[in-house]
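We count residues from 1, following the sequence as given.
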Amino acid sequence: MGHVPKVRIVQAGNGPTGIELQCGRAHIDLAHLGEAYVLDEDGMHERLGVESSGRDFVCYSPWVKTGVVIDNIDDADPIESWVICSRRPDRLVESLKTHTPSR
């Protein structure tokens with residue numbers, strides 16, 4: 001079985017908030033993230049299929065059917081959004097809202 005990246009929100013880095021979303025070795029300061037949306041199984045399937053973009057960062061686990069899409073609002077970053085598989089997408093969205101001062 002392959003390695004599943006750990007997704008977490010941690011106090012790290014020297015970005016504007018000092019709090020980062022980490023997915024495996026990828027990380028972004030929460031100040032650069034906009035709205036987060038829960039994706040059910042159908043929404044996740046469409047987002048990774050017909051609605052996919054070459055400008056998305058995707059943290060994918062084939063056995064996890066739900067997830068979250070998070071807008072990237074950093075104009076200097078070519079990534080449009082983060083698409084993250086999660087068995088508890090509601091919990092991830094709520095955690096992002098709790099830790100981001102502008103929300």
Side-chain angles (χ1 to χ4, degrees):
M1 201 175 294
H3 173 70
V4 178
K6 193 177 276 190
V7 177
R8 57 191 177 173
I9 297 172
V10 297
Q11 186 90 28
N14 53 1
T17 67
I19 303 172
E20 293 182 336
L21 169 65
Q22 294 180 346
C23 184
R25 295 187 327 191
H27 57 94
I28 186 168
D29 191 278
L30 295 188
H32 301 300
L33 296 175
E35 290 298 316
Y37 307 94
V38 171
L39 297 173
D40 61 11
E41 186 173 347
D42 290 335
M44 194 68 174
H45 181 74
E46 285 189 19
R47 183 62 193 211
L48 294 175
V50 296
E51 294 180 10
S52 66
S53 168
R55 296 184 60 199
D56 287 343
F57 169 80
V58 178
C59 182
Y60 178 68
S61 297
W63 50 88
V64 179
K65 305 296 183 198
T66 57
V68 175
V69 62
I70 310 162
D71 296 331
N72 184 351
I73 58 173
D74 182 6
D75 293 332
D77 191 340
I79 300 297
E80 288 180 352
S81 58
W82 285 50
V83 181
I84 302 171
C85 288
S86 174
R87 286 192 173 94
R88 294 183 288 275
D90 294 333
R91 198 166 138 193
L92 178 56
V93 169
E94 190 58 39
S95 188
L96 287 166
K97 287 180 182 178
T98 300
H99 289 91
T100 305
S102 63
R103 294 188 184 141

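In this structure, the separation between SG on C23 and NZ on K6 is 12.0 Å, given to the nearest 0.5 Å. Considering CD1 of I19 and NE2 of H99, their distance stands at 6.0 Å, rounded to 0.5 Å. From L96, atom CG reaches atom CG of L33 across 7.0 Å, with rounding to the nearest 0.5 Å. Here D77 contributes atom CG and I28 contributes atom CD1; the two are 5.5 Å apart, rounded to the nearest 0.5 Å. Note that CG of N72 is 7.5 Å distant from CD1 of I79, once rounded to the nearest 0.5 Å. The CG atom of N14 lies 8.0 Å from the CD atom of E20; values are rounded to the nearest 0.5 Å.
No side-chain heavy atom of D90 sits less than 4.5 Å from a side-chain heavy atom of V93. Under the 4.5 Å side-chain criterion, counting only non-hydrogen atoms from C-beta, L92 is not in contact with R88. Counting heavy atoms from C-beta on, the side chains of C59 and V7 come closer than 4.5 Å. Contact annotation: the side chain of T66 never approaches that of M44 to less than 4.5 Å [non-hydrogen atoms, C-beta and beyond].
In plain terms, the two heavy atoms of R87 and W63 that are nearest each other are NH2-CD1, 3.0 Å.
When hydrophobic clusters are built by joining Ile, Leu, Val, Met, Phe, Trp and Tyr residues whose side-chain heavy atoms come closer than 4.5 Å, directly or via intermediates, L48 is not grouped with F57. In terms of hydrophobic clustering, with Ile, Leu, Val, Met, Phe, Trp and Tyr side chains grouped at heavy-atom distances under 4.5 Å, V58 and L21 are assigned to different clusters.
Listed by chain and residue number, Q22 satisfy the side-chain hydrogen bond (donor to acceptor under 3.5 Å, both in side chains) test with R8 (two or more places apart in sequence, or in another chain). Residues meeting the side-chain contact (heavy atoms from CB on, under 4.5 Å) test with V69, sequence neighbours left out: Y37, L39, R47, S81, V83.
Put simply, the side chain of D29 gets close to the backbone of A31: a donor and an acceptor are under 3.5 Å apart. Of the possible donor and acceptor atoms, one in the side chain of T98 sits under 3.5 Å from a partner among the backbone N and O of E94.
Electrostatic pairing of E80 and R55 counts as a salt bridge here, judged by a charged N lying under 4.0 Å from a carboxylate O.
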